[in-house]
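Below: the structure, in structure tokens.
Since the structure is predicted, the reported quantities are computational estimates derived from the model, not experimental observations. For ligands, and for the atoms within them, numbers begin at 1 and follow the listed sequence.
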Amino acid sequence: MTLLETVRNPEELKRLGAEHMPALAAEIREFLVAEVSRTGGHLGPNLGVVELTIALHRVFESPRDPILFDTGHQAYVHKILTGRRDFSRLRGEGGLSGYPSRAESEHDFIENSHASTVLSYADGMAKANRVRGRADSTVAAVIGDGALTGGMAWEALNNIAERKDSRLVIVVNDNGRSYSPTMGGLADHLASLRMSQGYEQALDMAKSALHKAPVVGQPLYDALHGLKKGLKDAIQPQIMFEDLGLKYLGPIDGHDAAAVERALRRARDYGGPVIVHCITQKGKGYAPAENHDEDQFHAPGAFDPETGEAKKSSSSGTKWTKVFSDEMVKIGAERDDVVAITAAMLHPTGLAPFAEAYPERTYDVGIAEQHAATSATGLAMGGLHPVVAVYATFLNRCFDQVLMDAALHRQGVTFCLDRAGITGTDGASHNGMWDLSILQVVPGLRLAVPRDARTLREELREALAVDDAPTVLRYPKGVVEDDIPAVGKLGSMDLLRRASDGGHADDLLLVAVGAMAPTCVEVADRLADQGIGVTVVDPRWVKPLDGALVEEAARYRVVAVVEDNGRVGAVGDAVARALRDADLDLPVRTFGIEQEFLDHASREAVLEKLGLTPQILAGELIGTVSRYTDGAPADGEPAQQ
Ligand SMILES: Cc1ncc(C[n+]2csc(CCOP(=O)(O)OP(=O)(O)O)c2C)c(N)n1
Ligand SMILES: CC(=O)[C@@H](O)[C@H](O)COP(=O)(O)O
Ligand SMILES: [Mg+2]
């Protein structure tokens with residue numbers, strides 16, 4: 001029986017002798033590589049927190065002592081130690097979530113995968129303990145060095161530092177990386193602390209020497225105090241955390257479970273907020289992950305555990321990110337006013353080639369989307385045209401900055417939102433299903449939704465030509481399908497299918513939004529087989545809508561809009577409102593993502609469940625059209641099974 005088999009829960013972990021921890025850590029690493037190599041997932045971050053998580057569960061009594069994780073992508077070890085061992089469907093339908101999940105375990109608290117939130121949760125939970133008189137509960141919060149570059153973390157620290165009686169232990173998991181090396185002044189400070197590992201050892205050595213010296217009582221105390229202060233000033237740079245009024249322990253070797261345990265016990269017993277600064281290595285214990293230069297082991301897909309080589313994915317072809325990346329490099333050569341900003345995601349957003357070509361025109365601001373948006377507004381005021389590349393779901397983080405900084409000041413900032421629509425495997429907080437709704441309310445902002453590589457390249461250039469308003473492009477995760485040629489123009493919009501001039505040419509106007517165009521074209525073909533006339537139009541720029549859409553819609557009996565965004569307040573609602581404003585009393589069907597938090601599953605599985613597939617949409621629309629026209633098949637059955 002392996003050690004891991006004897007440790008089914010934190011209680012059994014606590015009963016295991018400290019001498020077994022290195023072997024247990026090795027078994028956990030073996031388990032992680034074996035399982036994640038099959039499913040894909042956050043291998044690097046989790047290999048880096050094995051000893052740290054073991055120590056947390058040996059010192060604290062979860063869930064009485066809540067153990068919280070920032071971003072939550074590094075909670076696999078926590079799941080293993082709290083009895084969850086079936087990783088066979090990790091991040092897949094019905095399988096374990098890739099993040100903490102309240103439905104999975106009483107030991108899990110934060111499901112939101114947006115970074116820099118954990119200290120705010122911890123502050124609140126510690127205050128609740130106080131109000132409820134739970135004196136025996138200590139909150140433990142793990143935050144990465146990357147997440148510490150997010151503004152929310154400092155808002156929380158400011159509050160935490162104020163309450164000296166808050167039973168709160170903050171574990172800084174400092175591996176020096178977000179995806180890539182963590183950027184900024186804070187990162188430099190943490191690095192200097194990492195360098196001052198000598199401080200603790202030097203202090204220990206000096207202390208033992210002093211204790212051997214023939215000095216006792218007050219003189220010994222004075223000598224020790226003077227020594228500590230002198231060493232601190234000499235070796236250890238100004239400790240920003242202590243300047244904030246927070247007790248600081250560290251830096252600790254985060255892979256020495258016993259050392260981490262000792263520090264956590266000291267911190268727990270301190271009775272007030274303490275920061276335990278652990279130095280770890282992302283990917284620790286698995287060579288391909290330890291030596292990753294392009295952070296490819298932050299969240300790899302399936303790979304060969306022997307070599308670390310990525311397994312060929314079924315969907316081969318050019319990714320949306322690559323199209324954006326290549327076009328940015330071309331644009332960078334043509335326009336020296338174009339600069340690029342990333343929020344700690346240079347490679348995932350495709351800006352790395354631009355950064356390599358134009359390092360002086362690329363800014364990595366850390367996990368700080370709010371700063372990215374307003375700093376970009378400053379760059380625009382300074383006469384440049386910034387491109388801010390973020391994942392669609394993280395635009396939420398800087399909505400106010402888009403609204404009240406970039407748009408209010410009518411500045412030409414271009415936001416490129418990757419991973420728009422359903423991403424699926426990262427669960428509810430990662431689906432890019434909000435931007436087409438929230439951006440509708442931003443005065444002056446222009447919003448493009450490319451349907452393929454050609455329109456992405458064109459619309460990116462069109463956006464960069466706008467210097468008196470923010471512009472946004474949004475495109476999904478994964479491989480871009482073949483270009484869909486237009487068969488005509490309708491104002492600035494592309495006609496993708498024109499209903500044949502037969503008797504039913506006016507049955508249905510189908511508005512295809514962005515990446516849903518291939519689906520809409522297939523729906524039109526299925527309906528045509530049923531004798532239903534469908535015209536498919538791709539607006540390309542969905543905000544503001546081209547007035548020609550309303551003029552054209554007046555010719556049809558039914559209008560339908562298909563988008564991979566939450567339905568509420570998105571393009572479908574904008575089209576319906578435009579028709580109403582034109583006093584056109586037309587039935588409008590809007591198809592999109594139900595306005596819910598969706599469980600993790602593959603993108604395809606989620607789209608199927610949402611009914612955003614050609615077959616299901618065709619079936620729906622046959623029924624709708626038949627209700628408003630004569631002659632269409634009344635049974636509403638889809639064209640093909
Ligand atoms: C607001 C926000 N922006 C970007 C991301 C994408 N992201 C996921 S993990 C990560 C890096 C986190 O670095 P760190 O906190 O140091 O944790 P580590 O992976 O090093 O353990 C980023 C940028 C996110 N989850 N949330
Ligand atoms: C936790 C996080 O936000 C990212 O690591 C995300 O999981 C990566 O998503 P992609 O795999 O789509 O780049
Ligand atoms: Mg890190």
Side-chain angles (χ1 to χ4, degrees), residues 40-50 52-53 69-77 90-91 97-100 110-119 141-153 171-184 186-187 190-191 194 254 278-284 289 292 295-301 313 319-321 342-350 364-373 389-398 418-427 429-432 476-478 600 602-603:
H42 288 91
L43 182 68
N46 281 282
L47 287 172
V49 296
V50 174
L52 184 159
T53 310
F69 293 89
D70 193 284
T71 319
H73 62 307
Q74 76 294 57
Y76 297 1
V77 181
L90 175 67
R91 310 197 305 173
S97 164
Y99 302 87
I110 306 170
E111 301 184 357
N112 177 13
S113 62
H114 291 203
S116 316
T117 64
V118 76
L119 300 186
V142 178
I143 185 165
D145 55 298
L148 258 184
T149 59
M152 263 186 83
V171 179
V172 175
N173 171 35
D174 179 6
N175 52 29
R177 300 181 75 93
S178 291
Y179 278 74
S180 312
T182 302
M183 304 299 285
L186 168 74
L190 286 176
R194 282 199 289 274
C278 290
I279 312 300
T280 64
Q281 182 184 13
K282 206 162 191 174
K284 176 80 175 176
H292 60 151
D295 46 74
Q296 64 267 34
F297 272 90
H298 171 83
S313 64
K319 295 195 172 178
W320 286 91
T321 310
T342 177
M345 298 179 79
L346 196 68
H347 292 277
T349 59
D364 179 349
V365 297
I367 310 180
E369 286 82 2
Q370 295 174 325
H371 173 70
V390 294
Y391 284 9
T393 189
F394 302 137
L395 182 86
N396 304 354
R397 183 60 64 87
C398 59
D418 198 332
R419 283 20 179 220
I422 295 294
T423 50
T425 51
D426 274 311
S429 52
H430 254 76
N431 290 310
K477 178 170 186 173
H600 59 280
S602 70
R603 174 181 159 90

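Remark: ligand 2 atoms within the under-4.0 Å shell around heavy atoms of His42 are 1 (C), 4 (C), 5 (O), 6 (C), 7 (O). Short contacts between ligand 1 and Asn173, defined as distances under 4.0 Å to a heavy atom of the residue, involve ligand atoms 21 (O). Close contacts between ligand 1 and Gly144 involve ligand atoms 14 (P), 15 (O), 16 (O) [criterion: under 4.0 Å to a heavy atom]. Ligand-side atoms of ligand 1 in range of Asn175: 18 (P), 20 (O), 21 (O), range being under 4.0 angstrom from any heavy atom. Near Met345, meaning under 4.0 Å from one of its heavy atoms, ligand 1 places the atoms 4 (C), 6 (C), 23 (C). Which parts of ligand 2 touch Phe394 is read off a 4.0 Å heavy-atom cut-off, strictly below it: atoms 3 (O). Atoms of ligand 2 lying under 4.0 Å from at least one heavy atom of His298, given by number and element, are 5 (O). Distances below 4.0 Å separate heavy atoms of Asp145 from the following atoms of ligand 1: 16 (O).
When Glu369, His298, Arg419 are checked for heavy-atom proximity to atom 1 (C) of ligand 1, Glu369 turns out nearest. Counting only non-hydrogen atoms, the option in Lys477, His430, Arg419 that gets closest to atom 3 (O) of ligand 2 is His430. Comparing Asp174, Val172, Ile367 by heavy-atom distance to atom 12 (C) of ligand 1, the nearest is Ile367. In this structure, of Pro45, Ala147, Ala299, the residue bringing a heavy atom nearest to atom 15 (O) of ligand 1 is Ala147.
Judged purely by atom type and a 3.5 angstrom limit, Arg397 uses its side chain to pair as donor or acceptor with the backbone of Ala115. The backbone N or O of His73 lies less than 3.5 Å from a partner atom in the side chain of Asn46, making a donor-acceptor pair. Without hydrogens or angle criteria, Tyr179 side chain to Pro348 main chain gives no donor-acceptor distance under 3.5 Å. Panel note: side chain Asn173, backbone Ile279; no donor-acceptor pair is recorded below 3.5 Å.
The shortest side-chain heavy-atom distance between Tyr391 and Thr349 falls under the 4.5 Å cut-off. Side-chain contact between Asn175 and Gln281: absent, with no pair of heavy atoms (C-beta onward) separated by less than 4.5 Å. Using a 4.5 Å heavy-atom cutoff, the side chains of Pro476 and Arg419 are not in contact. With contacts defined as side-chain heavy-atom distances shorter than 4.5 Å, the pair Phe297/Leu47 does not qualify. Taking the side chain as every heavy atom from C-beta outward, Ile143 and Val171 never approach each other to under 4.5 Å. Using a 4.5 Å cut-off on side-chain heavy atoms (C-beta onward), Pro45 and Lys282 make contact. Within the 4.5 Å cutoff, no side-chain heavy atoms of Thr280 are placed close to those of Val49. Two residues are said to be in side-chain contact when any heavy atoms from C-beta on lie closer than 4.5 Å; Leu52 and Val142 meet this criterion.
For the Mg ion (ligand 3), the set of nearby N, O or S atoms under 2.8 Å includes none belonging to Gly48. For the Mg ion (ligand 3), the N/O/S atoms of Asn175 include one lying under 2.8 Å.
Backbone and side-chain nitrogen or oxygen atoms of Tyr99 are examined, and one is located within less than 3.5 angstrom of a nitrogen or oxygen of ligand 2. Between Arg397 and ligand 1, no pair of N/O atoms sits closer than 3.5 Å. On a distance-only criterion, Tyr391 and ligand 2 share at least one N/O pair closer than 3.5 Å. Between Thr71 and ligand 2, not a single N/O pair is under 3.5 Å apart. At least one N/O-N/O distance between Ala115 and ligand 1 falls below 3.5 Å. Considering both main-chain and side-chain atoms, Thr71 never comes within under 3.5 Å of ligand 1 through any nitrogen or oxygen pair. At least one N/O-N/O distance between His73 and ligand 1 falls below 3.5 Å. Any N or O atom pair closer than 3.5 Å counts here, and His114 shares no such pair with ligand 1. Residue His73 has no N or O atom closer than 3.5 Å to an N or O atom of ligand 2.
The heavy-atom pair separating Leu186 from Leu148 by the smallest distance is CD2-O, 3.3 Å. Residues Ser116 and Ala147 come closest through the heavy atom pair OG-O, 2.8 Å.
When only non-hydrogen protein atoms are considered, atom 24 (C) of ligand 1 lies nearest to Phe394 CZ, 3.2 Å. Closest to atom 13 (O) of ligand 1, if we only count protein heavy atoms, is Ser178 CA, 3.3 Å. Regarding atom 16 (O) of ligand 1, its nearest protein heavy-atom neighbour is Gly146 N, 2.7 Å. Protein heavy atom at the shortest distance from atom 7 (N) of ligand 1 is Tyr179 CE1, 3.7 Å. Nearest protein heavy-atom contact of atom 4 (C) of ligand 2 is Tyr179 OH, 3.0 Å.
Only the backbone of Ser113 comes within 4.0 Å of ligand 1, judged by heavy-atom distances. Using a 4.0 Å cut-off between heavy atoms, Gln74 makes no contact with ligand 1 at all. Counting heavy atoms closer than 4.0 Å to ligand 1, residue Arg177 contributes backbone atoms (N, CA, C, O) but none from C-beta onward.
Ligand 2 is approached by Asp426 to a heavy-atom distance shorter than 4.0 Å. Under a 4.0 angstrom heavy-atom cut-off, His114 registers as lying outside contact with ligand 2. Under the 4.0 angstrom criterion for non-hydrogen atoms, Met345 is not in contact with ligand 2.
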Between Asn431 and Thr393, is a side-chain contact (heavy atoms from CB on, under 4.5 Å) present by the stated rule, with each step listed?
CA-CA 6 Å; Asn431 290 310; Thr393 189; over 6 Å; no
Residues Thr423, Arg603; criterion side-chain contact (heavy atoms from CB on, under 4.5 Å); working and verdict
CA-CA 6 Å; Thr423 50; Arg603 174 181 159 90; over 6 Å; no
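No hydrogens or angles considered: a donor-acceptor pair under 3.5 Å links the side chains of Asp426 and Tyr99. Side-chain contact check for Ser113 and Thr71: no donor-acceptor pair (N or O, by modelled atom type) lies under 3.5 Å.
Taking the six-membered ring where the residue is Trp, the centroids of His347 and His298 are separated by 6.0 Å or more.
Nearest N/O/S atom of Asp145 relative to the Mg ion (ligand 3): this is OD1.
A salt bridge is defined here as a Lys NZ or Arg NE, NH1 or NH2 lying under 4.0 Å from an Asp or Glu carboxylate O, and Asp418 with Lys477 fails to meet this definition.
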